[in-house]
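Worksheet for the structure shown next.
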Amino acid sequence: MNPVILLVEDEPAIADTLAWALRSEGFEPCHVATGGEALTRLAQGGIAVAVLDVGLPDLSGFELCRRIRAQDAALPVMFLTARSEEIDRVLGFEIGADDYVAKPFSPREVVARLRVMLRRSGAIAAPAQAAPGLQLDEAGARVLHAGHPLPLTRYEYLLLRHLLRQPGRVFSRDQLLDAVWGAGSESTDRTVDTHIKTLRAKLRAVAPELDPILTHRGMGYSLALA
């Protein structure tokens with residue numbers, strides 16, 4: 001079951017962007033726009049992390065965090081806010097936040113931070129290891145196979161990176177299209193298949209005996225586990 005992320009944000013554009021990023025990375029976003037709605041949803045249980053905007057219309061994110069902590073001392077909480085002053089960050093941490101991200105922010109960075117928070121809390125397991133020989137170098141925007149950097153195009157790299165981040169998970173073609181080419185792209189399932197084919201050719205050129213990309217007929221693709 002995918003971790004449920006409670007997203008408390010009153011700006012629809014920000015909420016929609018974050019919700020898309022969360023879905024593309026395997027999370028289930030639950031969006032509400034007010035602190036009152038958030039408390040009602042939290043009372044129902046099943047939330048893995050609460051992401052709170054500080055400037056909510058009914059009560060501040062800080063006050064919402066205090067009320068959450070009065071009921072649940074263990075739930076991971078992240079603040080999203082336009083306030084970047086040190087005193088606001090200190091206040092956020094003092095009342096029980098686990099992380100604090102200032103706007104404007106990268107949705108991918110927020111998702112990465114959430115993944116770390118969940119791992120620390122034990123809500124998700126440490127990442128599985130991909131097939132031997134594959135190494136993701138995100139800082140250098142490259143993938144190494146058997147120690148050799150692969151000559152990848154932009155979308156080949158993004159596709160392989162997405163598979164490498166969650167080895168063993170089966171992604172449908174639609175999920176890969178949304179994550180790599182973006183929601184609303186005019187690309188089709190055939191685009192994914194073509195890029196998988198070229199990726200396999202480049203992987204075999206380095207290590208012919210290995211075929212780490214697995215096809216799941218009628219379902220999609222995954223990266224083999226170590």
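Small disclaimer: the values here were computed from a predicted structure and weren't measured.
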Under the side chain to side chain contact (heavy atoms under 4.5 Å, CB included) rule, what do I47 and V4 come out as? Steps first, then yes or no, please.
CA-CA 5 Å; I47 299 298; V4 179; 3.6 Å; yes
Please step through side chain to side chain contact (heavy atoms under 4.5 Å, CB included) for the pair D211 and L203, ending with a clear verdict.
CA-CA 7 Å; D211 187 10; L203 290 166; 5.8 Å; no
Check step by step if side chain to side chain contact (heavy atoms under 4.5 Å, CB included) holds for L52 and I68.
CA-CA 11 Å; L52 315 179; I68 291 172; 4.1 Å; yes
Is there a salt bridge (Lys or Arg N to Asp or Glu O under 4.0 Å) between D98 and R69 once you walk through the steps?
CA-CA 12 Å; D98 298 277; R69 284 289 171 255; 3.2 Å; yes
Check the pair D53 / I14 against side chain to side chain contact (heavy atoms under 4.5 Å, CB included), numbers first and verdict last.
CA-CA 10 Å; D53 181 22; I14 293 176; over 6 Å; no
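D137 places no side-chain N or O within donor-acceptor distance of the main-chain N or O of R142, the cut-off being under 3.5 Å. No donor-acceptor pair closer than 3.5 Å links the side chain of K103 to the backbone N or O of L80. A donor-acceptor pair under 3.5 Å is formed between the side chain of E9 and the backbone N or O of E11. When atom types are taken as modelled, the side chain of E63 and the backbone of S60 share no donor-acceptor pair closer than 3.5 angstrom. H31 contributes no side-chain N or O that, together with a main-chain N or O of D16, makes up a donor-acceptor pair within less than 3.5 Å. A donor-acceptor distance shorter than 3.5 angstrom exists from the side chain of Q166 to the backbone of E25, with no hydrogens or angles considered.
If you take NE2 on H195 and CG on L160, they are separated by 12.0 Å, rounding to the nearest 0.5 Å. Note that the OG1 atom of T198 and the CD atom of E156 stand 3.5 Å from one another [nearest 0.5 Å]. Between I95 atom CD1 and L91 atom CG the span is 5.0 Å, to the nearest 0.5 Å. Note that the CD atom of E94 and the CZ atom of R66 stand 10.0 Å from one another [nearest 0.5 Å]. Here the OG1 atom belonging to T215 is positioned 5.0 Å from the OH atom belonging to Y221, to the nearest 0.5 angstrom. Between D193 atom CG and R173 atom CZ the span is 4.0 Å, to the nearest 0.5 Å.
F27 has its side chain within reach of L118: a pair of non-hydrogen atoms, C-beta onward, lies under 4.5 Å apart. Side chains of F105 and L18 form a contact here, defined as non-hydrogen atoms less than 4.5 Å apart. Looking at heavy atoms from C-beta onward, L59 lies out of side-chain contact with T34 at the 4.5 angstrom threshold. Using a 4.5 Å cut-off on side-chain heavy atoms (C-beta onward), L6 and R41 make contact. Two residues are said to be in side-chain contact when any heavy atoms from C-beta on lie closer than 4.5 Å; L22 and V110 fail this criterion. D72 places none of its side-chain heavy atoms less than 4.5 Å from the side chain of L42. The side-chain heavy atoms of L159 and L152, taken from C-beta on, include no pair separated by under 4.5 Å. Using a 4.5 Å cut-off on side-chain heavy atoms (C-beta onward), R161 and V143 make no contact.
Residues L7 and A19 share a closest heavy-atom pair of CD2-N, 4.3 Å. L56 and D10 get closest at one heavy-atom pair: CD2-N, 4.4 Å. Taking all atoms of both residues into account, the shortest heavy-atom contact from P29 to R23 is CD-CG, 3.6 Å. Pairing each heavy atom of R113 with each of V101, the nearest pair is CD-CG2, 3.7 Å. Contact record, L199 with I213: CB-CD1, 4.0 Å, taken as the closest heavy-atom pair. The nearest pair of heavy atoms linking I196 to L163 is CD1-CD1, 4.3 Å.
Ring orientation note: the planes of Y100 and F93 are tilted relative to one another, at an angle of 30° to 60°.
Linking Ile, Leu, Val, Met, Phe, Trp and Tyr residues whenever their side-chain heavy atoms come within less than 4.5 Å leaves L214 and L176 in two separate clusters. Tracing side-chain contacts under 4.5 Å through hydrophobic residues (I, L, V, M, F, W, Y), one never reaches L144 starting from L150; they form parts of separate clusters. Hydrophobic clustering of Ile, Leu, Val, Met, Phe, Trp and Tyr side chains at less than 4.5 Å, counting indirect connections, unites V192 with L158.
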